[in-house]
**Student:** 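One structure, pasted below without further comment.
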2 protein chains.
Amino acid sequence: MVTIGEAARRSGVGIELIRYYERTGVVAGPERSQSGRRQYQSVEIHALRFIRRCRDLGFSLAEAKSLLGLASSERLACADAQSLGQHHLENIRTKISDLQQMETAMVQLMRPCDAGKQECSMLDTLLEGPESEWPPQDK
Amino acid sequence: MVTIGEAARRSGVGIELIRYYERTGVVAGPERSQSGRRQYQSVEIHALRFIRRCRDLGFSLAEAKSLLGLASSERLACADAQSLGQHHLENIRTKISDLQQMETAMVQLMRPCDAGKQECSMLDTLLEGPESEWPPQDK
DNA sequence: CTTGCAATCTGTAGGCGCTACAGAAGCAAG
DNA sequence: CTTGCTTCTGTAGCGCCTACAGATTGCAAG
C-alpha cells in the first residue's frame, strides 16, 4: 500500500505516465484512499514494471497490454506470448535493416562532399537526384 | 503549372500531406488559380520531392526544412549541410545500436521458451526478471 | 445546357505515446 | 497555522501524419 510516487520509484514508470496508463486502460486503476489517492500493492507495481520492460523492448502499448493479460491469465499462455514475441522480433529486424539502408544511403550521399566545391553534391543529389519518378511501378 | 494531384504523383508526396506541409510551413504555398486551386511549378515539385527524400532518409521535418533552405540559398551551404548530415548519421547509428540491443534481449527472452513447460519463462522474466530497481543509480 | 462525377478546397478530429502544465485539494512537519 | 510537498483532475501540446465532412470547382458525356 504505497503512494503513486513510491510506485513510480519502484516500477521505473513516471507518475504522469502511470496515470496515463490507467486512463487508457493499459493497467487497471488501484484502490483509492478515502481522500481519493491511489494506493498501490505489489501486484500493481509489478504490472507497471512489466509494461515498462515491454516498452523498453520496443513493444507497443497494445502489445504490452496483451502480454500483461497473458501473464496474468490462469491458462498456459506460452504459445501466445511466443507468437507475439516472434512477430515483434521480426519488426525489430525489419527496422534494423531499414536503418542500415538509410545509413548506407547517408554515407553515399555525403561522401563526395568533403572537398569544398562550387556546388554541394549532397544538396544537389537531394534536389535532382536519380530515379525521380513515382510511384514505383514495380512490386 | 499542374494541379495538386499531378504534383503529388510527380513528387511522391500524397495530396493531404502536401497540404499539411504547406500548412505547417515546411514548404511555401504555390500560386492559386482564380478559383483558389493550387498551381504547382517544377521548382515546387522539386521541393516536395526533396522533402520526401529527406524523410525517407529519416530526417525530421525540421531538418528537412533546414536542408531545403540550404539547398535554395544563394551562398555556399555545403558545410552546414554536412554538419546536419553528420549529426543525422550519428542518430541513425544510435538507433541501429539500440535496436540491436533490443534484438539481443528479445532473443534472450524467448530462447528457453521452446519447450512447453509449466510456466512461461518469457512472461515470468518480464514479470519478475532481474535488476528490478530503479532508477539506475549510475551515470 | 445539363447532368454527373472526379478533383479540389477548408477545417477538424483522430492516432501513438508521451510530457507538461494549471488549479485545487490533501498531508506532514515546524 | 502556515509552509511546502505530493497528489488530484483535466486539458493541451509535441511530431507526423491520415482521414473524413461538407462545400466548391472542373470537365466530359449525353
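These numbers come from the heavy atoms of this one structure, side chains and all, not from hydrogens, waters or symmetry mates. The shown structure was predicted, so the numbers you read here are calculated from the model rather than taken from an experiment.
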**Student:** Using atom CD of Q34(A) as one end and atom C1' of dT7(D) as the other, report the distance to the nearest whole Å.
**Tutor:** 15 Å

**Student:** In whole Å, I'd like the distance from the CZ atom of R52(B) to the P atom of dC17(D).
**Tutor:** 12 Å

**Student:** Taking the side chain from K65(B) and the backbone from G25(B), do they hold a donor-acceptor pair closer than 3.5 Å?
**Tutor:** yes

**Student:** Just jot down the ring pair (Phe, Tyr, Trp, His ring centres under 6.0 Å) partners of F59(B), sequence neighbours excluded, or say none.
**Tutor:** H88(B)

**Student:** Starting at CG of D56(B) and ending at C1' of dC17(D), how long is that distance when rounded to a whole Å?
**Tutor:** 14 Å

**Student:** I'd like to check the side-chain hydrogen bond (donor to acceptor under 3.5 Å, both in side chains) partners of E6(B); sequence neighbours left out, ordered by chain and number.
**Tutor:** R9(B), R10(B)

**Student:** Rounded to whole Å, how long is the line connecting atom CD1 of I18(B) with atom P of dC9(C)?
**Tutor:** 9 Å

**Student:** Rounded to the nearest Å, what distance is computed from the CD1 atom of residue I4(B) to the P atom of nucleotide dG26(D)?
**Tutor:** 15 Å

**Student:** Could you pull out all residues at least two apart from E63(B) that satisfy side-chain hydrogen bond (donor to acceptor under 3.5 Å, both in side chains)?
**Tutor:** S60(B)

**Student:** Listing request: all side-chain hydrogen bond (donor to acceptor under 3.5 Å, both in side chains) pairs with a residue in residues 91-108 of chain B, at least two apart in sequence or in separate chains.
**Tutor:** R93(A)-E103(B), E103(A)-R93(B), Q108(B)-R111(B)

**Student:** Whole angstroms only, please: what is the OH-C1' distance between Y20(A) and dC14(D)?
**Tutor:** 13 Å

**Student:** Judged by atom type as modelled, is there a donor-acceptor pair below 3.5 Å linking the side chain of R49(B) to the main-chain atoms of G12(B)?
**Tutor:** no

**Student:** Provide, to the nearest angstrom, the distance between the CD1 atom belonging to I15(B) and the P atom belonging to dC17(D).
**Tutor:** 16 Å

**Student:** Return the residues of residues 57-69 of chain B meeting this criterion: a heavy atom under 4.0 Å from some atom of DNA chain D. Order them by number, or give none.
**Tutor:** S60(B), L61(B)

**Student:** Assign each of R37(B) and Y40(A) to its nearest nucleotide of DNA chain D by heavy atoms, then name whichever residue's nucleotide is nearer the 5' end.
**Tutor:** Y40(A)

**Student:** With a 4.0 Å cutoff (strictly under), does any side-chain N or O of S35(A) reach OP1 or OP2 of dC27(C)?
**Tutor:** yes

**Student:** Go nucleotide by nucleotide along DNA chain C from the 5' end; which of S33(A) and L17(A) gets its closest nucleotide reached first?
**Tutor:** L17(A)

**Student:** Report which part of the nucleic acid T24(B) touches: base, sugar-phosphate, or nothing (heavy-atom distance under 4.0 Å, all strands).
**Tutor:** nothing

**Student:** Between protein and nucleotides 9-11 of chain D, what N or O pairs are separated by less than 3.5 Å?
**Tutor:**
unit_1	atom_1	unit_2	atom_2	d
dT9(D)	OP1	R32(A)	NH1	3.1
dT9(D)	OP1	R32(A)	NH2	3.2
dT9(D)	OP2	R38(A)	NH1	3.0
dT9(D)	OP2	R38(A)	NH2	2.7

**Student:** Whether Y21(B) contacts dC17(D) is assessed here as follows: a side-chain N or O lying under 4.0 Å from the phosphate OP1 or OP2. Is that the case?
**Tutor:** yes

**Student:** For R32(A), what residues pass the salt bridge (charged side-chain N to carboxylate O under 4.0 Å, His left out) criterion, not counting sequence neighbours?
**Tutor:** E22(A)

**Student:** The criterion is side-chain hydrogen bond (donor to acceptor under 3.5 Å, both in side chains); which residues satisfy it with S83(B), sequence neighbours excluded?
**Tutor:** none

**Student:** Output all residues satisfying salt bridge (charged side-chain N to carboxylate O under 4.0 Å, His left out) with R75(A), sequence neighbours left out; order by chain, then residue number.
**Tutor:** D80(A)

